[in-house]
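Remarks on the structure that follows.
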Amino acid sequence: MEMIESVTPGIYLGWGPFVIQLGNLIVITMMIVLFVASLLLPFPRARRRK
């Protein structure tokens, strides 16, 4: 398997000593959104028979 070199180094965002690549920030943000949604959305309840 060959290693493919990236033509562009990527976009990095920095705030003080904190630096993160944009792609990683998007993945982390989506993981947090899904985690919060899983906590807030109700579980489906079983239907009771009468």
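FYI, the numbering just counts along the sequence from 1. Basis for what follows: all heavy atoms, side chains included, without hydrogens, waters or symmetry-related copies.
Partners of Ile20 according to the side-chain contact (heavy atoms from CB on, under 4.5 Å) rule, which considers only residues two or more places apart in sequence or in another chain, are Phe18, Asn24, Leu25, Ile28. With sequence neighbours excluded, the residues that form a side-chain contact (heavy atoms from CB on, under 4.5 Å) with Leu39 are Phe35.
Both Ile32 and Ile26 are members of a single hydrophobic cluster when ILVMFWY side chains are connected at heavy-atom separations under 4.5 Å.
Other residues, nucleotides and ligands contribute at most 12 non-hydrogen atoms within 6.0 Å of the CD1 atom of Ile11.
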